[in-house]
Amino acid sequence: FEYSFSSWDAEGYVEYLLFGQPVSQDFENKAYGSEMKFNFNNHYLLKANINSSKDLIRQNDLNYLEAIDYTQTKRDFLEISANKLYKPEDRYSYSLGWSKENEDVDYSSYGTTYQEELETASIFGSLGLIPNKTQSFLILLRRSDHQSYGNQLTWNINFIQRLEKGWTLNLSNGKAFRSPNSSELYGFGSNMDLNPETSKSFEIGLNRRFQERDFSFVYFNNDNKNLINFDFQDYVLKNVAKSKNSGFELRIKWLNSLGNGNLVLRTQDPINQDQERLLRRSKNSLSLNFNKSIYKYNLNINASAFDSKVDFGNISLPGYALVNLGIYRQIKKYLTLSIRLENLFDKEYFTAATSNAY
């Protein structure tokens, strides 16, 4: 039997500018969680998770209606699952579970007020199969009963096939959804007729180990529909957007006497419903992570690079590369010293633009 408990509590006061005028707000965040695990004969596992959170933001200045704006959200979550762990002799594993989430929102902003409760209950399960030495399957299903949108099905299917000469083929396909939140349904510019956002994705990967290196070639395709965006003609939120992203990734991992690390090269084509590139998205990117032990020190180098992007107003954001450095030293058994330098070469870069300048 294992039991864990965690809590988070933060309170603060924030000052900022609203249309050039100084205003302030108080915030309060609380979160509590606990997990219980019962392990039977090392082959069966019963788990229970209980979580609760509260988020409050309260403005200190009156709005133009001489009222105080605030938003308070409370969430309670319970999940119970039974799991049969994998054993080589029977070559399968499975899980079956149930969860329930309650969301209570109390909101007031510029005369728009509401207090609503949303409830979602789900049953979920997974099945893992290894019928032979060259194949394995993993299937995951979740059926959610949303208070406003009824039954929604989320699923993911994964297949692995070992090929000749050390190659492995990985196939993955899945579907997911996101229900509109309470602000989108009842807040400013809200629309109670919104539909859930949906996404479909699949991935094909080829993997092989060459001595001390793992190589992966991956093709991915993600298709999102019913995205919720603001319609400025009717001044209301609508399901008016779509997006699609497909591309390739080369992933390399290595572990040898020189050090260990990984490299990811990605090229993608993120587009919207008008076949235009999504804003603030790079087509090409690179990520490098390298670790090396030198005497009693551990050295970490992290580098990332992105090519140009396009922002609102057709403004071009130039590409950039960043390098971070970390040094770690074990001084004594219970004492470690670490130093981390972010943006080592003091690179100036832009992630967003206004309508007329960076």
Legend entry - Leu46/Met36 under side chain to side chain contact (heavy atoms under 4.5 Å, CB included): CA gap, chis, key distance, verdict: CA-CA 8 Å; Leu46 181 64; Met36 292 168 281; over 6 Å; no

Legend entry - side chain to side chain donor-acceptor pair (under 3.5 Å) between Thr198 and Asn226, worked out: CA-CA 6 Å; Thr198 62; Asn226 288 332; 4.6 Å; no

Legend entry - From CA spacing to verdict: ring pair (Phe, Tyr, Trp, His ring centres under 6.0 Å), Tyr235, Phe230: CA-CA 7 Å; Tyr235 228 69; Phe230 200 80; 5.2 Å; yes

Inset, instruction - Give the intermediate values and the outcome of side chain to side chain contact (heavy atoms under 4.5 Å, CB included) for residues Leu299 and Leu325. - result: CA-CA 8 Å; Leu299 177 68; Leu325 176 66; 3.2 Å; yes

Inset, instruction - Could you check Phe124 against Thr154 for side chain to side chain contact (heavy atoms under 4.5 Å, CB included), going step by step and ending with a plain yes or no? - result: CA-CA 9 Å; Phe124 57 90; Thr154 301; over 6 Å; no

Legend entry - Test side chain to side chain contact (heavy atoms under 4.5 Å, CB included) applied to Asp104 and Asn102, step by step: CA-CA 7 Å; Asp104 185 357; Asn102 289 316; over 6 Å; no

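Here the closest non-hydrogen pair linking Pro131 and Arg91 is O-CD, 4.1 Å. When all heavy atoms of Ser282 and Gln268 are compared, the closest pair comes out as O-NE2, 2.8 Å. Closest approach of Ser316 to Pro318, counting heavy atoms only: O-CD, 3.7 Å. Between Asn156 and Gly174, the shortest heavy-atom contact is ND2-CA, 3.8 Å. The two residues Gln273 and Ala241 come nearest to each other via the heavy atoms OE1-CA, 3.7 Å. The minimum heavy-atom distance between Asn51 and Ser34, with the atom names listed, is OD1-N, 4.3 Å.
With a 4.5 Å cut-off on side-chain heavy atoms, Lys84 and Asp90 count as touching. Taking the side chain as every heavy atom from C-beta outward, Leu85 and Asn42 never approach each other to under 4.5 Å. In this structure the side chain of Asn191 never reaches within 4.5 angstrom of the side chain of Glu184, judged on heavy atoms. Looking at Ser190 and Tyr114, their side chains never come closer than 4.5 Å, going by heavy atoms from C-beta outward. Annotation: side chain of Val23 is not in contact with side chain of Asn60 (no heavy-atom distance under 4.5 Å). Looking at heavy atoms from C-beta onward, Arg340 lies in side-chain contact with Asn324 at the 4.5 angstrom threshold. With contacts defined as side-chain heavy-atom distances shorter than 4.5 Å, the pair Glu11/Lys30 qualifies. The shortest side-chain heavy-atom distance between Lys283 and Arg277 falls under the 4.5 Å cut-off.
The backbone N or O of Asp274 sits less than 3.5 Å from a side-chain atom of Asn272, completing a donor-acceptor pair. In this structure, Thr267 contributes its side chain and Phe248 its backbone to no donor-acceptor pair below 3.5 Å. In this structure a side-chain-to-backbone donor-acceptor pair under 3.5 Å is missing from Asp234 to Val236. Although no hydrogens or angles enter the test, the distance criterion places a donor-acceptor pair under 3.5 Å between the side chain of Glu197 and the main chain of Ile228. Side-chain atoms of Asn256 come within 3.5 Å of backbone atoms of Gly259 as a donor-acceptor pair (strictly under, hydrogens ignored). Asp311 places no side-chain N or O within donor-acceptor distance of the main-chain N or O of Leu279, the cut-off being under 3.5 Å. Side chain of Gln147 to backbone of Glu119: a donor-acceptor contact under 3.5 angstrom is found. The main-chain N or O of Tyr110 is found under 3.5 Å from a side-chain atom of Asp69 such that the two form a donor-acceptor pair.
Checked options Lys253, Arg209, Arg251, Arg208; the residue passing with Asp214 is Arg209 (criterion: salt bridge (charged side-chain N to carboxylate O under 4.0 Å, His left out)).
Atom OG of Ser136 and atom CG of Leu138 lie 8.5 Å apart (nearest 0.5 Å). Atoms CG and CG, from Asp76 and Leu78 in turn, are 9.5 Å apart once rounded to the nearest 0.5 Å. Atom CG in Asn181 sits 12.5 Å away from atom CD in Glu116 (nearest 0.5 Å). Atoms CD and OG, from Gln59 and Ser24 in turn, are 7.5 Å apart once rounded to the nearest 0.5 Å. The structure places OH of Tyr107 at 6.0 Å from OG1 of Thr112, a figure rounded to the nearest 0.5 Å. For the atom pair CZ (Arg58) and CD (Gln72), the distance works out to 10.0 Å, reported to the nearest 0.5 Å.
The neighbour count for Phe137 CZ, taken as heavy atoms of other residues, nucleotides or ligands under 6.0 Å away, is above 12. The 12-atom threshold is exceeded at NZ of Lys87, counting heavy atoms of other residues, nucleotides or ligands nearer than 6.0 Å. Within 6.0 Å of the CZ atom in Arg162, the count of heavy atoms belonging to other residues, nucleotides or ligands does not exceed 12. For CZ of Arg280, the number of neighbouring non-hydrogen atoms (other residues, nucleotides, ligands) closer than 6.0 Å is greater than 12. For Glu89, the CD atom is densely surrounded, since the number of other residues' heavy atoms within 6.0 Å is greater than 12.
When only modelled atom types and interatomic distance are considered, Ser293 and Asn298 share a side-chain donor-acceptor pair under 3.5 Å. Checking Ser246 against Asp269 by side-chain atom types alone, no donor-acceptor pair falls below 3.5 Å. Using modelled atom types, one finds no donor on one side chain facing an acceptor on the other under 3.5 Å when comparing Asn221 with Asp223. Looking at Thr73 and Asp55, their side chains never bring a donor and an acceptor atom within 3.5 Å of each other.
Ring geometry, Tyr149 versus His146: the interplanar angle falls from 30° to 60°, so the pair is classed tilted. Tyr349 and Tyr320 have parallel rings, their planes meeting at less than 30° on a 0 to 90° scale where 60° marks the start of perpendicular. Ring planes of Tyr219 and Phe202: tilted class, angle from 30 to 60°.
Cluster annotation: Tyr297 and Leu258 are assigned to distinct hydrophobic clusters (Ile/Leu/Val/Met/Phe/Trp/Tyr, side-chain heavy-atom contacts under 4.5 Å, transitive). Linking Ile, Leu, Val, Met, Phe, Trp and Tyr residues whenever their side-chain heavy atoms come within less than 4.5 Å leaves Leu56 and Tyr13 in two separate clusters. Criterion: ILVMFWY side-chain heavy atoms under 4.5 Å apart, direct or through other members. Under it, Val218 and Ile252 are not part of a common hydrophobic cluster. Cluster membership for Phe217 and Phe159, using ILVMFWY side-chain heavy atoms within less than 4.5 angstrom, is shared. Taking hydrophobic clusters as Ile, Leu, Val, Met, Phe, Trp and Tyr residues chained together by side-chain heavy-atom distances below 4.5 Å, Ile68 does not share a cluster with Tyr16.
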